[in-house]
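Written out below as structure tokens is the structure these notes cover.
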Amino acid sequence: MNKLKKNNEYSFFEDVFEVVRQIPKGRVSSYGAIAAYLGTKMSARMVGWAMNSSHKVKPLVPAQRVVNRNGMLTGKNHFETVTQMEELLKKDGIEIKNDTVQNFDGLFWDPSKNLL
DNA sequence: GCATTGACGAAGG
DNA sequence: CCCTTCGCCAATG
């Protein structure tokens, strides 16, 4: 499957990982925002799909900081444990209520605005 | 090679 | 205001 990857063309997966790693502690971002930063704003799904491999890449990607546009921890089910995601976010100082990031609007981190 | 699914999002009813 | 439908792109069956 691998090995014959176009050396010039890195999957946008790595781009997603890189952006997610840039998310500051205590902040969260959304799939759509990351997708938009990568240019594929219409395909936020692809970002989520990329996160599917986030657990197997070298520098673990803080996927827990990436939630949907509603601030809901939709991907918690894909973590080692369903509580892992909210626990990690709580450690970052983010309050989680009912699997949803509180004050999501205030904690939201837009890569296109901050990373640029 | 076509059909289904997926950690989303915006629009329509 | 809540729920349903469509669109996107890629991977898997």
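Just so we're clear, the structure is a prediction, and the values are computed from it rather than from any experiment. Order of the sequence lines fixes the chain letters, A, B, ..., with proteins taken first and strands second; residue numbering starts at 1 for each chain.
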Base, sugar-phosphate, or nothing for [X], non-hydrogen atoms under 4.0 angstrom?
| X | answer |
| --- | --- |
| A:Ala35 | nothing |
| A:Asn68 | sugar-phosphate |
| A:Thr40 | nothing |

[X] has an atom [atom1]; how far is it from atom [atom2] of [N], in whole Å?
| X | N | atom1 | atom2 | result |
| --- | --- | --- | --- | --- |
| A:Met46 | B:dG6 | CE | P | 12 Å |
| A:Arg69 | B:dA7 | CZ | C1' | 16 Å |
| A:Leu38 | C:dA10 | CG | C1' | 15 Å |
| A:Leu88 | B:dA7 | CG | C1' | 15 Å |
| A:Ile34 | C:dC8 | CD1 | P | 21 Å |
| A:Met85 | B:dA7 | CE | C1' | 8 Å |
| A:Asn77 | B:dA7 | CG | C1' | 9 Å |
| A:Met72 | C:dC2 | CE | C1' | 15 Å |

* **Pairwise P distance for C:dT5 and B:dT4, with rounding to whole Å** =>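 Nearest-Å result for C:dT5 against B:dT4 at atom P: 16 Å.
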
Pick the P atom in C:dC8 and in B:dG1, then give their distance to the nearest Å.
->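 C:dC8 and B:dG1 have their P atoms separated by 23 Å.
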
Smallest heavy-atom separation, A:Ser29 atom then A:Pro111 atom, equals OG-CD, 4.0 Å

Per nearest nucleotide of DNA chain B, the residue lying toward the 5' end, A:Ala44 or A:Trp49, is A:Trp49

side-chain hydrogen bond (donor to acceptor under 3.5 Å, both in side chains) with A:Lys76: of A:Asp99, A:Thr81, A:Thr83, only one passes, and it is A:Asp99

### Query
Taking NZ, NE, NH1 and NH2 as the nitrogens, is one of them in A:Lys90 or A:Glu86 under 4.0 Å from a carboxylate oxygen of the other?
yes

> CG of A:Leu88 to NZ of A:Lys25: how many Å apart, nearest 0.5 Å?
Replying inline: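 Going from the CG atom of A:Leu88 to the NZ atom of A:Lys25 covers 11.0 Å.
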
Under 4.5 Å between side-chain heavy atoms, hopping through other hydrophobics if needed: is there a path connecting A:Val28 to A:Met85?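 Yes, because A:Val28 and A:Met85 connect within a single hydrophobic cluster, where side-chain heavy atoms sit under 4.5 Å apart.
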
